[in-house]
Each structure stands twice: as structure tokens, then as C-alpha cells.
Amino acid sequence: MEKKEKFYITTAIAYTSKKPHIGNTYEIILTDAIARFKRQQGYDVFFLTGTDEHGEKIEQLANEAKIPPKQYVDSVAKEIRDIWDLMNTSYDKFIRTTDDYHEETVQKIFKKLYDQGDIYKGYYEGLYCTPCESFFTETQLVDGKCPDCGREVKQAKEEAYFFKMSKYQDRLLKYIEDNPGFIQPESRKKEMINNFIKPGLQDLCVSRTSFKWGIPVDFDPKHVVYVWIDALTNYITALGYKCDSKDDLYKKYWPADVHVIGKDIIRFHTIYWPIMLMALGEELPKTVYGHGWYLFGEDKMSKSKGNVIYADYLVKKFGVDAVRYYCLAEMSFAQDGSITYDAIINKYNSDLANVLGNLVNRTVSMIHKYFDGKIYLPTDEKDVDKELKSSIAIIADNVESNMNKLYVADALNEVMNIARKCNKYIDETEPWVLGKEEVTKERLKTVLYNLVESIRILSILLEPFMPETATKIQKQINANELAYETVKTFGKTQEGKVGEAVPLFARLDDKKVLEEIHNEISVEKKLATVEDEKVNVITIDEFEKVQLKVGQVLSVEKVEKADKLLKLEVDLGTEKRVIVSGIAKWYNESNLLNKKIVVVTNLKPVKLRGIESNGMLLAAGEEDVKLLTIDGDLPAGTNIH
RNA sequence: CGCGGGGUAGAGCAGUUGGCAGCUCGUCGGGCUCAUAACCCGAAGGUCACAAGUUCAAGUCUUGUUCCCGCAACCA
């Protein structure tokens, strides 16, 4: 490629609340594959990643751990960066939102938006109960009084800064419609337009006074900048955007070509972020790609379910490139992916050991066996050879077009098709027959040459996905021509000698490995729960604050316009109460009526969907929820202790 | 009737502008021996969710029904 175009690609910044699991790690691997591919093609790539380190949650976690927030985020940020490095990702910069240059610029941006009138000081308006120090909405009040303590409330206001989103919504809508590639996958586009933009954007609250761990608003220091302006702006501060001036890096790389993010934050990247950029007078990113999540089988990964898979553990078991391969190959565009240990082993064996590893191994072994490791130039061309070459040329084109559409899994699968094609070519040409007699050995030279050359091309196309493996292959076949353009010109391999034949991926014994994993994770799980329970110890006094009683369900009714809510009337002996609960997915009138259940009776009432709920039911489970019931018979109203 | 996506072989998925229903894994049978019990070939397996319509022709277009998923709402 003669002319080097720039290509700026980013991941979302990872929140430093806890160690990232494989689902979070997928994003950096995915982005890395795209970045490496673009570099290979000659683009001048800048690849940014980093960490999002402020917020109330981190303040709390640090408090619990009894360390300063900065110390807390330092250690998690390091853990995150170590995993990114372990995954062999080629980011050019790792930004932390606690970096001083970032904090400085965020303050300037906030000030600028305030000065030009896009951010204004407003109020959370509401009814305030002074003793309870909380705000309530009209619907939350009980008989016009504080639902907490029953005292009078008064109209009050709390300061907050708001961003005038509505001002830019027409421009945003036009941009989205004029740039069909902006939101990827496309199905998300309608979601954003219909759910948020068309109904009219609400002004966004961009500051908080309820916690301290954030970037202070410099002209009003009791406020800290809330996550939107703090986190999203990393994409420009990292390049040296300074509000009043801009570094060369920024001038060169902005706007971003692709923001790779999880599907859960598409809204922030396709609505708030572009509007912030418009307000700053900067260009908008070209593409925002919201990828799917890795699920454990069909379930969400969650610590409480004990099904969290971590990248570093997988690397220990299978190696970096096998993990990269699985993640990249198994997530199809615009969908969620599924990851289980079983599936990883299966894919490892069938794709990496059998198809790819074995191909390289058998080819290099044959060259040693028949020609003492020497590669000869081809002397003739038969139809099978032509067919091999044309297949590879088509595959190379497919890889490129798929990558350009961000169809990474499809691209990688195409690369593997080269190996499949080669295995077939071996069978068709039967080198072991050609090797038997001197007259056919001439033909054998050509066959083996074609294989080595095909493998060379394969290794180049494999680089973005599995860089280490690509290098290992190139070493074994002793390839020198490694430029991307040469994948399109079959025949670049020169005479020479191949290296030693070393298996790339040793076949795994699935039963043995699964058993090993099973043992290891059950030990880890036990350690983790023990630790969890130690941290959250409460005293008997604290527990007794919660008042529990036996309740009997008198009536059940579905709450309109809410698919999770049931309205229950519950007999508590001395009184009957209405409780609204989010269990409609699992319970209905027929399996709930007359049941004796456990009720929290001294919980602050809330209005849910307009109905006042006085208490809470106890239930267990996440995907499948079961209510706690009473063993045996006790009258409604019995105290639980 | 809040908005959107989807239902294709046992599993996971592809199928672009209508033109012989495909890929990977798994199962069964065969071949081969260079290679990591690897590789290659063949077979079985489909009412393309259901129903109606347009058309010479529908997985593909239209309408209705149904189920699943996402967003929103809402779950303490």
C-alpha cells in the first residue's frame, strides 16, 4: 500500500471495580484482531484502550476494603492491563481516567460546555424529608408524608448540572440517517432512534454531589463530573485533545474510525457521545460497533452463579492463541456467543490440532522425509494445483471483505478453510505414492512446494487473529516473504530448507482435561465464597433490624403494562397488605394462592407502577426464582427470627 | 395494541438483488498411511415455526397466527 491512511480504533474503557472475565476480555481481543489486520494492510493504526476508574461503586468498594480509592483502582487497573498483555494485544496506548492530563481536560471541557450554555445548573426537584435526608417523588409519598418516617415533607431542590441534549437531537438524527454505517449492527440503530431520539431526549444529569470519587467541577467543587463526560471523553483526551489546543496526535487520528463497545453501552456511544462532540465542535466517530456478550452456555456469567470464566485461567489451560481463536471464531456478528470448557476443548481439537496443526506438521514432516527438508521450486502445474491456487485467492479476498465489514468470525473461518483445502489437496495428490519411485519424485517436489506456499499465505492471513501461532508456522516452513500483499501472488516461496516439525497444538484428552478443570474450579469457588462471607459479616443486632413474618397469599393480580410485576394481597395476621413483587415470570395465581411465604414487613413502602407496595417477599435464585415458603403449618403473622 | 431482531438437519450457524437448501461439529459407513487415533470421501438426518397470498418459480416478497430474544418500562 503506497499511501498510508490513518485508522483510529478504540475499545470501551474497562471499569476498575473487579477483575474482568472472559466476556470483558473478548472486547480487547476482537479490537486487537481488527487493529492488527488494518496494520497489516498498511494503515497507520492507533489502537486505544484503558480503564474507567471513578464513581460511587468504586468509592464503596475501596471503603469496604479500607483503602483509599486510588490505591484500589491502581491494583485493579494493573490486573486489567496484565490480562490485556497476557492476551498479546497490541494497543498503542492505555489511558486511565485518573491520569492527570485526562482529569485536567475533562474539567476544561465541562467548563467550556457550561460557558457556552450547553450545560446549565439545575435542580433535582422533589419533596424532601429533612430527618431522612432523602428526596421522594409525589408517587412515593404515603398520605402526602414521608414514606420512611411518616413526617411532613417539604418542597426542596438539590443542585445538579444538566446537559441540554434536546438542542442537538435533530442534528444527531440526521447524522445517523445520513451515515448508515454509523451504528453497527444495524438492528441497534432502530432501537436507539425509536426508544430515545424520536420520543425526545431528556437533558442528561452530568454531575453528582452524592459521592466524592470523581473529577471535581473546578468552578463548583462540591460537584464531581459524572461518568458520561468523564469516561467518554477518554477517546479524545488520549490523543491530546486539550479543549483550547490540540496535539498533533489528535489532529492526525481523530475522528475515530471504530469504537468497539459492548451492546449494553451502545446508547451512550451513539447518542450522548456524538452530542458532546457536536457541542465541542468536533467531528463524530465513523462507526460504533456494539458486539455481543459471551454467555456461559446459555446463562449470563455471574459470580453468584459461580460460572465466571477468566481469561488468565483459560490461557493457563489452553494457551493464548487457543483462547484468542475461540473468542474470535465463536462469536458471530450481532449475536451473543456461548463459551463452555467443553466447547473450547472441542474446537481446540477439531480446528487447531486436527486441521491446522496437523497440516503444518504432516507437510513439514514429508519434506524432511522425502527431501531432507529441502524445498524445490515447482516444475509443472496440474489441474489440482490450479484449483488449489484459485481457491486460496478467493479465500484471501473473502478474508479481506469480511474483516472490512467487521465480520471477524467469518474472516477467521475463511482462514481455516485454507488448511481444510490443503488437507484435501494432500489426499488428492497422494504424496506418499509419489515418494515411492524416483520418476514421480519430481512431481512430489511441486506438490510439497504448493503446500508450503499455501501454508505461508495462511500464516500471513492468520497473523491478526493468532500472532504467535503465525510466527511459529513461519519459522517451521522458514518463510521469508511475509508482507500482506504477497498473499495475492502465489509463488513467493523460494528454494530453501524447512525447520523442524514441531506440533503446534497437542491434542487434548477431553475427559481428562474437563475433570481437571472441574476439580480446580470447585476449589476456587469454595475459596471465593468463604472470602465473600468473611467480608460481609454483620452482627445479630444488625440482622434484627429486619422484621420477618409469615404471610399468606390472599389474592394475586398481574400488574398492567409491566411484565415482571404481580400485585399480591397478603394476610399478616393482624393486617392485610398489598405487596408488589417482580416474580410474574415464575408465579401466577394458580401456584401462589394461599401459599405461606416469608415477608419483610418493615421495609419502606414504594410505589411500583402506580401501586403502593408495603413489604417484600423473600425468594432465591436468579434465572429460576423460587419463593421461600414455610415448612409445616404456622398461622399468618407469626414472627420469624 | 411501546420499539426492534429472530425461528433453516441432533447442536451451532450461512443463505446477498426470488432460480436445484448449504457450512462447521456430532452420528454411521468407506478410503488412506505423510501426519497429532490425525486426514480424505460417502451416507443418514429438513413440512426452511404455522397458515394464507403474489409469482412460471418463495427459506427469500405481502398479510395473519404463534413462540424466542434484545431495547424501553419495570423488577428492592
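The sequence lines fix the lettering, A, B, ..., with proteins before strands; numbering per chain opens at 1. This is a predicted model, so every value here is computed, not measured.
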Just compare [options] and give me whichever is closest to any side-chain atom of [X].
X        : options                : answer
A/Asn194 : B/rC13, B/rC25, B/rC3  : B/rC3
A/Ser187 : B/rC40, B/rG4, B/rU36  : B/rG4
A/Trp432 : B/rC71, B/rC34, B/rU36 : B/rC34
A/Glu330 : B/rU36, B/rC71, B/rG12 : B/rG12
A/Asn195 : B/rC39, B/rG4, B/rC71  : B/rC71
A/Ser332 : B/rC34, B/rC41, B/rC13 : B/rC13

Please output the side-chain donor-acceptor pairs of residues 319-328 of chain A that fall under 3.5 Å, not counting sequence neighbours, one pair per line with the distance.
| residue | atom | partner | partner atom | Å |
| --- | --- | --- | --- | --- |
| A/Asp321 | OD2 | A/Glu468 | N | 3.3 |
| A/Asp321 | OD2 | A/Thr469 | N | 2.7 |
| A/Asp321 | OD2 | A/Thr469 | OG1 | 2.6 |
| A/Arg324 | NE | A/Phe465 | O | 2.7 |
| A/Arg324 | NH1 | A/Asp32 | OD2 | 2.9 |
| A/Arg324 | NH1 | A/Met87 | O | 2.9 |
| A/Arg324 | NH1 | A/Asn88 | O | 3.1 |
| A/Arg324 | NH2 | A/Asp32 | OD2 | 2.7 |
| A/Arg324 | NH2 | A/Pro464 | O | 3.1 |
| A/Arg324 | NH2 | A/Phe465 | O | 3.4 |
| A/Tyr325 | OH | A/Asp351 | OD2 | 2.7 |
| A/Tyr326 | OH | A/Ser338 | O | 2.7 |

Please check the phosphate of [N] (OP1 and OP2 only) for any side-chain N or O of [X] closer than 4.0 Å.
X        : N      : answer
A/Arg362 : B/rU33 : no
A/Lys424 : B/rC41 : yes
A/Lys263 : B/rC71 : no

Measure the distance from [atom1] on [X] to [atom2] on [N] and round it to the nearest whole Å.
X        : N      : atom1 : atom2 : answer
A/Glu191 : B/rG4  : CD    : C1'   : 6 Å
A/Arg420 : B/rC23 : CZ    : P     : 12 Å
A/Asp410 : B/rC13 : CG    : C1'   : 9 Å
A/Lys190 : B/rG2  : NZ    : C1'   : 16 Å
A/Ile197 : B/rG4  : CD1   : P     : 15 Å
A/Lys512 : B/rA37 : NZ    : P     : 14 Å
A/Ile455 : B/rC34 : CD1   : P     : 17 Å

Do any side-chain atoms of residues 193-200 of chain A form donor-acceptor pairs under 3.5 angstrom with protein atoms, and if so which ones, sequence neighbours left out?
| residue | atom | partner | partner atom | Å |
| --- | --- | --- | --- | --- |
| A/Asn194 | ND2 | A/Lys190 | O | 3.3 |
| A/Asn195 | ND2 | A/Glu191 | O | 3.3 |

Tell which nucleotide pairs with [N], taking only Watson-Crick or G-U wobble pairs whose two distances are both under 3.5 angstrom.
N      : result
B/rC13 : B/rG22
B/rC71 : B/rG2
B/rA49 : B/rU65
B/rC39 : B/rG31

[atom1]-based separation of [M] from [N] [nearest Å]:
N      : M      : atom1 : answer
B/rA51 : B/rU60 : P     : 13 Å
B/rG46 : B/rG4  : C1'   : 29 Å
B/rA44 : B/rG10 : C1'   : 12 Å
B/rC25 : B/rA21 : P     : 24 Å
B/rU17 : B/rG26 : C1'   : 35 Å
B/rC40 : B/rC56 : C1'   : 42 Å
B/rC50 : B/rG31 : C1'   : 44 Å

field: Aromatic ring pairing A/Trp228/A/Tyr272, orientation class (parallel under 30°, perpendicular over 60°, tilted between)
entry: tilted
For a quick check of understanding: with a heavy-atom distance under 4.0 Å over all strands, which category does [X] fall into, base, sugar-phosphate or nothing?
X        : value
A/Phe196 : sugar-phosphate
A/Asn346 : sugar-phosphate
A/Gln335 : sugar-phosphate
A/Leu359 : nothing

field: Atom of A/Gly551, atom of A/Val570 and distance for their closest heavy-atom approach
entry: CA-CG1, 3.7 Å
query: So which heavy atom on A/Ile392 is nearest to which on A/Ser454, and how close?
result: CD1-OG, 3.2 Å
statement: The answer to which of A/Ile426 and A/Ser350 contacts RNA chain B further toward the 5' end, by nearest nucleotide, is A/Ser350
Earlier contact from the 5' end, RNA chain B, for A/Phe505 and A/Val355: A/Phe505
message: Taking the ring centre of each residue, are A/Tyr289 and A/Phe333 less than 6.0 Å apart?
response: yes
message: Both conditions, 6.0 Å and 45 degrees, for the charged tip of A/Lys374 above the ring of A/Tyr376: are they met here?
response: yes
- prompt: Side-chain donor or acceptor of A/Asn358 under 3.5 Å from a matching atom on the base of B/rA35?
  reply: yes
